[in-house]
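Structure first, then comments.
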Amino acid sequence: MAALFRPLLRAIDLLCAAGAAVAAVACAVMAVMLVTEVIATSFFNWSQPWAVEFSGYSLLAVFFAGSGWALREGAHIRVTLVTQSLTTRAAWALDALASAGALVVTGYAGYALICYTARSAELGSVSTYLSQTPLAWPQGLLATSFVLLSLALFARLVRLLSGEAPDKSEIGAKE
Amino acid sequence: MSGPLTVIGSLLALFLAGGLWVGFALMALGILSLEMFRSMRIDSFLAGDIWGTATAQELVTLPLFILMGEILFHTRLSQNLFTGLAPFVRRLPGGLVHINVLGCTLFAAVSGSSAATTATVGRITLKELETRGYDRSLALGSLAGSGTIGFLIPPSIPLIVYGVLAETSILELFIAGVVPGLMLAAAYMMWIGLVSKLGTGRQPSPERSTTWAQKGRALGQLLPITLLIGFVVGSMYAGFASVTEAAAMGVLGALILTVWERELSFQMIRAALFGTVRTCSMIGLILVGALFLSKAMARLAIPTEVAAAIDELGMSPYALILLLTLFYLGMGCFLDGLSTIVMTLPVTLPLVLAAGFDPVWFGIFLIITIEMAQVTPPVGFNLFVIRSLTGESIGRIVRAAIPFCMLMVGVVIVLTIWPGLVTWLPDQMRN
């Protein structure tokens, strides 16, 4: 089963890593924007209104674009007290069930965000800031991030069902 | 209990025990409860809520403070803290063990994470204390306890999250955390001194005396972190910068420190950024789930219902706080601190406010009880950090940490009896 899905799993891993790279770049951009804003405002009395707006968009990327990658890294928090006390087979079954449940929830949230983005695009909604950024762009990034998280959960489920280790870090998964 | 509350409580326990990730569990519960008990369009409500949380301006400080801590983690800060503090504590009863407390307190002033504080200070001190013959239990316990100060001394990630959820000024919370944080540090140092004086544990070999020149050089090693604390915390307190601006300047200050120490490299920046993404992804998922669930619960009027049920019991404010302390200690055995805050706050905050407590005071109370959860098994995160540093068993670390956990209980009692210790500084700032 794993061999059958191998190219797909590799592609999902690459996409999730790309998402994490986008999140890392967004974090750096956010820091640079805000440092520039503080220096420009404090020393040159020259405010950059776009810094506040775009720091919000960067925030959504930092929070969610790398979420699929973080799942593979075992960074998301779960309670393992019960599963640790189960037999290996029962723990595996429960893990698969939890992954499937999480996939349904994320899939639903992803679908909701895609509809939300499409509605913004149809209505031509723009931000209330001077830049009047079309909201469909940042909302599209948020929807894409949830799609990536859904793909990461799907890959996790496939790995579990084919007997592979689903997370890179077991320590992170326990926390 | 009413139907919705029973169903939500049972499903939450089922989801969490089944190993569903906390963020997914909270979001699923919000979706299911609205689907079952309210006739409304959930998808657009959910999407709007996620969008609002993901772009909330008040949360921008979180990645910045986390990035600052990540950058500092990759510097020689821990080594500098040890060599810089050692000459000044060697003659105190307990000697260099005090470095665990002072080092964590100083590092907490530039990092919002308890785990990062424990790991940064512990990776140097534990080995050095072992080599010099200090009592192992005292070293382990003091590190476990002191690491939690990272939650209380600003900048603190749980305090930012509490401020956002409780709609309370993050700056006031930061200021309110200073006195209790210093009280906790003082209580730990007194305990270390007392235990060392009584001489129940292993006694270290006497430390060599230091000259004034050596003391001067040691102070020089503490200078960069002292300047950074002044830069970040001082600018907020003096009113020169908002919390977000202080966080941004903190990142700049941390980068300047790495350039000063010749540690700046592409690999280091990359590791710090990905470390930040890892932590923020974890926090982001929990936050969207919790904020959505809290709105769903508000639509089902659950907080009002719980408040009415507690009100019927006719409890005094102190009895309520005792009940909440026990409740949070119990929760801390199963959940990490951040999840505990976000899951329970929509219900507990209205109760506490109705009992006449200040929201800033409750934030600090909550953070200290959450700190206790960091060192109580089986999900005490600091325990895992120290285990990964030392390879010691969780049981041994827990036994070593018990006295420090009891000191936290003592500080909670003091702060409950004299709430002014928390609220005095923010009141002064307001005036």
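Note that the structure is predicted; figures quoted are calculated from it, not measured. Per chain, numbering begins at 1; letters A, B, ... match sequence-line order. As a basis for the values below, the full set of heavy atoms in this structure was taken, side chains included, without hydrogen atoms, waters or symmetry mates.
With a 4.5 angstrom heavy-atom cutoff, B/A56 touches chain A only via backbone atoms. Neither the backbone nor the side chain of A/L141 comes within less than 4.5 Å of any heavy atom of chain B. Of the atoms belonging to B/S44, heavy atoms from both backbone and side chain fall under 4.5 Å from chain A. Looking at A/S145, neither its backbone nor its side chain comes within 4.5 Å of chain B, counting heavy atoms on both sides. Proximity to chain A is limited to the side chain of B/T244, based on heavy atoms less than 4.5 angstrom apart. Contact annotation for B/L338: neither backbone nor side-chain heavy atoms come within less than 4.5 Å of a heavy atom of chain A. With a 4.5 Å cut-off on non-hydrogen atoms, B/L20 touches chain A through its backbone and its side chain both. Contact of B/Q57 with chain A is made through the side chain alone, with heavy-atom distances under 4.5 Å. Of the two parts of B/V60, the backbone and the side chain both hold a non-hydrogen atom closer than 4.5 Å to a non-hydrogen atom of chain A. Only the side chain of B/L67 comes within contact range of chain A, judged by heavy atoms closer than 4.5 Å. In this structure, the portion of A/L149 lying under 4.5 Å from any heavy atom of chain B is its side chain and not its backbone. With a 4.5 Å cut-off on non-hydrogen atoms, B/L59 touches chain A through its backbone and its side chain both.
Of the listed residues (B/G23, B/G48, B/A25), the one with the most heavy-atom contacts under 4.5 Å to chain A is B/G48. Each of A/L135, A/L86, A/V82 has some count of heavy-atom pairs under 4.5 Å with chain B, and the biggest count is that of A/V82. When the candidates A/V25, A/L34, A/L59 are compared by the number of heavy-atom contacts under 4.5 Å with chain B, A/L59 comes out ahead. Note on B/A248, B/A28, B/A272: by heavy-atom pairs under 4.5 Å with chain A, the leading option is B/A248. Taking chain A as the reference chain and counting heavy-atom pairs below 4.5 Å, the highest number among B/T276, B/L252, B/I66, B/L287 is found for B/L252. The residue among A/A65, A/G68, A/G56 with the most heavy atom pairs within less than 4.5 Å of chain B is A/G56. When each of A/I114, A/L113, A/L97 is scored by its heavy-atom pairs under 4.5 Å with chain B, the top score falls to A/L113. Your options are A/A70, A/A24, A/G110, and the one with the most heavy-atom pairs under 4.5 Å with chain B is A/A24. Note on A/V52, A/D95, A/T106: by heavy-atom pairs under 4.5 Å with chain B, the leading option is A/V52.
Here the side chains of A/L153 and B/W21 are in contact, with some heavy-atom distance below 4.5 Å. The closest side-chain heavy-atom distance from B/F292 to B/I31 is below 4.5 Å. Counting heavy atoms from C-beta on, the side chains of B/L264 and B/M268 come closer than 4.5 Å. With a 4.5 Å cut-off on side-chain heavy atoms, B/R278 and A/E73 count as touching.
Using a 4.0 Å cut-off between charged nitrogen and carboxylate oxygen, A/D167 and A/R159 do not count as a salt-bridge pair. B/D49 has a carboxylate O that lies under 4.0 Å from a charged side-chain N of B/K295, or vice versa, which qualifies the two as a salt bridge. Using a 4.0 Å cut-off between charged nitrogen and carboxylate oxygen, A/R156 and A/E164 do not count as a salt-bridge pair.
Scanning for side chain to side chain contact (heavy atoms under 4.5 Å, CB included) contacts around B/E35 gives B/I42, with sequence neighbours left out. Listed by chain and number, the residues in a side-chain hydrogen bond (donor to acceptor under 3.5 Å, both in side chains) with A/T133 are A/E53, A/S131 (sequence neighbours excluded).
In this structure, B/R270 satisfies the cation-pi test against B/F274, with its NZ or CZ atom closer than 6.0 Å to the six-membered ring centre and inside 45 degrees of the ring normal. Remark: A/R89 qualifies as a cation-pi partner of A/W92 under the 6.0 Å distance and 45° angle criteria applied to the six-membered ring. Cation-pi check for A/R78 over B/F15 is not met; the charged atom does not lie both under 6.0 angstrom from the ring centroid and within 45 degrees of its normal.
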So A/S150 and A/L103, side-chain contact (heavy atoms from CB on, under 4.5 Å) or not? Walk me through it.
CA-CA 6 Å; A/S150 306; A/L103 178 57; 4.1 Å; yes
